Every structure is written in C-alpha cells, then in structure tokens.
Amino acid sequence: MNIEFINDAYTSDDIKLPMVHYFSSNKDVCVICIHGMCANFADNYFASVWGKHLSENGIGFIYEYNRGHDIENDLVKRDGTFLRCGTMYEIFEDSIMDIDLAIMIAKEKGYKRIILLGHSYGCNKVIYYYYKKRPELLGIILASAPDMVGSHITNQPDYKELLKEAKENIGSGNPTKLLSKMVEDYMYMSSETYYNWFHENSNIDNLPVIANPKCWIQFSKIDVPILTFSGSLEEEHYLQLELLKEKALSCKSFEYKIIENTGHTYRSKELEIANLISDWVEACKS
C-alpha cells in the first residue's frame with residue numbers, strides 16, 4: 001500500500017501535526033482531508049478507504065490531524081513543550097494555520113493541484129479558509145456539511161446562559177475554565193472555545209441552513225467546483241443539499257448526492273463514496 005506517516009511537520013505557531021499520506025506516482029492532484037469535531041484517523045475509517053482508492057487511481061490523499069483532534073489532546077511544540085488542545089479548547093480561526101501546513105506539505109511532496117475535503121465540522125473550516133485566503137484550488141469537497149450554530153441552538157435550549165457564563169469566565173481571566181454544563185450532553189468545553197464558536201456573528205456560522213438568511217457571506221464566495229454529499233440517515237440539516245446549491249452563488253459547477261442507507265461516517269458505503277470522489281476529481285481535471 002502506498003502510505004506514509006508524516007510526523008515532522010509544524011504549523012506557523014510551532015505545533016506539530018501528524019498526517020497520513022496515501023501517495024501517488026502521478027503528482028497532478030492531491031486531496032487534503034480536514035476532519036471534524038473530536039475525530040482522528042482511526043475513528044474515521046472511511047478516510048482510509050478513500051485514501052487507498054484514490055492513490056490506486058493516481059490521486060494523492062493526505063489526512064491531517066488538526067489541533068482539534070479528539071476531545072482533548074496535548075500537542076507537541078517545536079521546543080518540546082506541550083499545548084493542551086483538542087475540540088474542548090480549539091479556536092476556530094486557528095484552523096487556517098493547520099490547513100496552511102497541509103497544503104505546504106502537499107506541495108513539498110510534488111503535487112501540482114490541491115482539492116480541500118472537509119468532513120462535518122471540517123467543512124466549516126474549509127469554507128472559512130477559502131473565504132479568508134482564496135488559495136488556488138482545483139475544487140472543494142464537503143462531506144456531511146453541518147449547520148454548526150443552528151443545530152447547536154436547536155439542541156441546547158440554554159445556550160444563551162452558557163454563552164453568558166463563558167463571557168464572564170473570559171472577563172475574569174479564566175478563558176480555559178470549563179463550562180458548568182456539558183455541551184449537548186456530549187462533552188465539556190472551555191469558555192473561550194464556546195464563546196468563539198457560538199457568539200453572535202461567529203465565523204463558524206458559515207452554513208446557516210436552519211436560519212437560512214438571504215446572504216451566506218462566506219459560502220457564496222466559493223468560485224471553484226464543489227462536490228457535497230451526506231448520508232440519508234443523518235439529521236435533517238445535513239440533507240439540505242439543494243439549498244446549498246442555491247446559495248453557492250459564485251460556483252458554476254456544483255454536484256451533490258444523498259448516499260442512501262448510511263449515516264455520518266458512511267458505514268458500508270465507504271467504497272461507493274470513494275468512487276464518487278475519484279470520478280468527480282477526474283471530471284475536474286479534464
């Protein structure tokens with residue numbers, strides 16, 4: 001299998017982020033996978049299927065561990081010290097540095113053209129990255145693109161109280177203090193992260209499916225080809241792909257598909273989606 005583990009790459013703020021690279025002798029295109037909340041390569045089995053399939057079909061694939069991997073982690077810094085992060089402590093805008101690094105590594109490996117693939121929360125990162133940096137990309141893939149803010153407000157009726165608590169903790173000089181309640185009965189989150197994600201006009205709110213305003217500021221600026229898909233068993237806000245097409249005002253090539261009888265991690269449909277991706281990449285190349 002054409003696979004290597006990259007463990008010597010550092011972001012511009014000196015954080016070491018591992019990557020898994022399925023390499024191709026054809027150096028034309030590399031797909032860079034940006035994972036979602038609390039995720040890692042072992043949990044995202046679908047990514048290993050995609051990487052193997054793409055590399056066997058002449059397309060490189062890099063899965064980057066970003067600083068938000070897993071619920072909580074200790075990141076190694078260049079000087080040997082550690083920074084506590086993970087989803088509990090991650091600041092959304094820092095994802096720019098992570099994606100910068102993955103693109104730099106792909107180019108160092110000799111790939112000429114890049115496709116960014118986000119899964120779940122990784123989609124929000126890819127959209128924000130493109131909005132802020134306007135990199136030269138062959139295309140963007142959005143796998144199970146979420147409405148992060150809308151779905152949270154729906155599932156967390158007391159979010160305003162938590163937002164107030166987070167703001168007070170930050171104002172008291174305790175930004176890393178964990179909130180007194182679990183977020184969506186799922187995980188504890190630092191005050192700084194919660195406020196960063198869910199305050200009014202947060203940058204993470206770039207797929208506002210549930211609120212559906214007239215203007216989707218970040219998303220409407222994407223002017224490269226987009227492929228998006230979700231599993232039919234996912235929550236309703238993941239399935240509004242026709243709405244995404246409608247809001248992609250600058251995109252002239254938008255393809256979407258609902259993958260039947262599977263959920264958020266595409267169990268039993270990994271290879272079907274791998275074929276969908278590779279066919280779409282080949283169409284982009286021509």
Side-chain angles (χ1 to χ4, degrees), residues 1-6 18-37 39-66 69 99 102-103 105-106 109-127 137-146 224-234 238-239 241 244-245 251 253-286:
M1 186 183 298
N2 297 331
I3 186 172
E4 66 173 339
F5 296 91
I6 300 168
M19 304 182 203
V20 183
H21 175 210
Y22 290 81
F23 56 89
S24 167
S25 57
N26 185 338
K27 296 298 183 180
D28 185 18
V29 178
C30 182
V31 174
I32 295 173
C33 181
I34 307 301
H35 65 70
M37 282 179 64
N40 60 56
F41 186 71
D43 289 340
N44 288 171
Y45 170 71
F46 59 85
S48 66
V49 177
W50 297 355
K52 181 176 183 294
H53 179 81
L54 291 174
S55 69
E56 290 172 350
N57 285 273
I59 301 164
F61 183 86
I62 291 177
Y63 182 102
E64 179 191 41
Y65 274 64
N66 62 57
H69 75 80
I99 298 174
I103 291 175
I105 293 298
K109 296 294 180 182
Y111 293 106
K112 300 179 181 67
R113 296 189 285 180
I114 305 295
I115 290 171
L116 289 180
L117 185 162
H119 175 245
S120 194
Y121 170 46
C123 296
N124 305 95
K125 292 181 176 181
V126 167
I127 292 165
L137 297 179
L138 182 59
I140 286 174
I141 301 172
L142 303 175
S144 298
V224 297
I226 295 173
L227 167 66
T228 186
F229 53 84
S230 294
S232 66
L233 304 181
E234 299 192 66
Y238 290 103
L239 305 179
L241 304 187
L244 265 61
K245 182 177 181 179
C251 178
S253 176
F254 190 104
E255 182 176 336
Y256 68 90
K257 185 174 183 179
I258 300 294
I259 311 299
E260 296 298 330
N261 301 315
T262 196
H264 198 60
T265 55
Y266 319 120
R267 185 176 179 180
S268 80
K269 300 289 184 172
E270 299 92 349
L271 188 56
E272 176 184 330
I273 296 173
N275 278 294
L276 173 67
I277 293 171
S278 60
D279 289 348
W280 181 81
V281 173
E282 288 300 325
C284 287
K285 287 165 60 176
S286 59

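Side chains included, hydrogens not; waters and symmetry mates left out as well; all remaining heavy atoms used. Since the model is a prediction, treat every value here as computed from it, not as a measurement.
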**Request:** I would like to know whether Y256 and I226 meet side-chain contact (heavy atoms from CB on, under 4.5 Å); could you show each step before the answer?
**Result:** CA-CA 8 Å; Y256 68 90; I226 295 173; over 6 Å; no
N/O donor-acceptor pairs under 3.5 Å from side chains in residues 279-286, not counting sequence neighbours:
| residue | atom | partner | partner atom | Å |
| --- | --- | --- | --- | --- |
| E282 | OE2 | K285 | NZ | 3.3 |
| S286 | OG | A283 | O | 2.9 |

**Prompt:** For E4 and H21, which heavy atoms make the closest approach, and how far apart are they?
**Reply:** OE2-ND1, 2.7 Å
**Item:** Smallest separation among heavy atoms of T228 and L142, with atom names
**Value:** OG1-O, 2.9 Å
**Prompt:** With sequence neighbours left out, what residues match S48 under side chain to side chain contact (heavy atoms under 4.5 Å, CB included)?
**Reply:** Y22, F41, Y45
**With K245 via salt bridge (Lys or Arg N to Asp or Glu O under 4.0 Å) - residues at least two apart** = none
**Prompt:** Quick one: CD1 on I59 to CG on L54, what's the gap to the nearest 0.5 Å?
**Reply:** 5.0 Å
**Pairing residues for S144 by the side chain to side chain contact (heavy atoms under 4.5 Å, CB included) criterion, not counting sequence neighbours** = H119, S230, E234, Y238, H264, Y266
**Request:** List in chain and number order the residues that pass ring-ring contact (aromatic ring centres under 6.0 Å, His included) with Y65, two or more places apart in sequence or in another chain; answer none if no residue qualifies.
**Result:** Y63, H69
**Prompt:** To the nearest 0.5 Å, how far apart are CZ in F46 and CZ in R267?
**Reply:** 14.0 Å
**Request:** Indicate the atoms forming the closest heavy-atom contact of N261 with K269, along with that distance.
**Result:** O-CE, 4.2 Å
**Asked** Looking at V224 and L137, what are the two nearest heavy atoms and their distance?
**Response** CG1-O, 3.7 Å
**Asked** Does D28 have any side-chain hydrogen bond (donor to acceptor under 3.5 Å, both in side chains) partners at least two apart in sequence or in another chain, and if so, which?
**Response** R113
**Message:** On a heavy-atom basis, which atom in S120 and which in P146 lie closest, and how many Å separate them?
**Reply:** O-CD, 3.1 Å
**Prompt:** At what distance, to the nearest 0.5 angstrom, does CG of L116 lie from CD1 of I99?
**Reply:** 6.0 Å
**Message:** Any heavy-atom pair between the side chains of V31 and W50 that's under 4.5 Å?
**Reply:** no
Side-chain polar contacts of residues 271-278 - donor-acceptor pairs under 3.5 angstrom, sequence neighbours left out - could you list them?
| residue | atom | partner | partner atom | Å |
| --- | --- | --- | --- | --- |
| N275 | OD1 | H53 | NE2 | 3.4 |
| N275 | ND2 | L271 | O | 3.0 |
| S278 | OG | H53 | NE2 | 3.2 |
| S278 | OG | A274 | O | 3.2 |
| S278 | OG | N275 | O | 3.1 |

**Asked** With N40, which residues qualify under side-chain hydrogen bond (donor to acceptor under 3.5 Å, both in side chains), at least two apart?
**Response** D43, D70
**Asked** With sequence neighbours left out, what residues match S253 under side chain to side chain contact (heavy atoms under 4.5 Å, CB included)?
**Response** P225
**Prompt:** Say you draw a straight line from CD1 of I114 to CD1 of I32; how long is it, rounded to the nearest 0.5 Å?
**Reply:** 4.5 Å
**Fill in**
Distance col, row C33:SG vs L117:CG, nearest 0.5 angstrom, shows 5.0 Å
**Item:** Heavy-atom closest contact (K52 atom, E56 atom, distance)
**Value:** NZ-OE2, 2.7 Å
**Approximate separation, where rounding is to 0.5 Å, of L138 CG and I115 CD1** = 4.5 Å
**Item:** Min side-chain heavy-atom separation K125-N66 under 4.5 Å
**Value:** yes
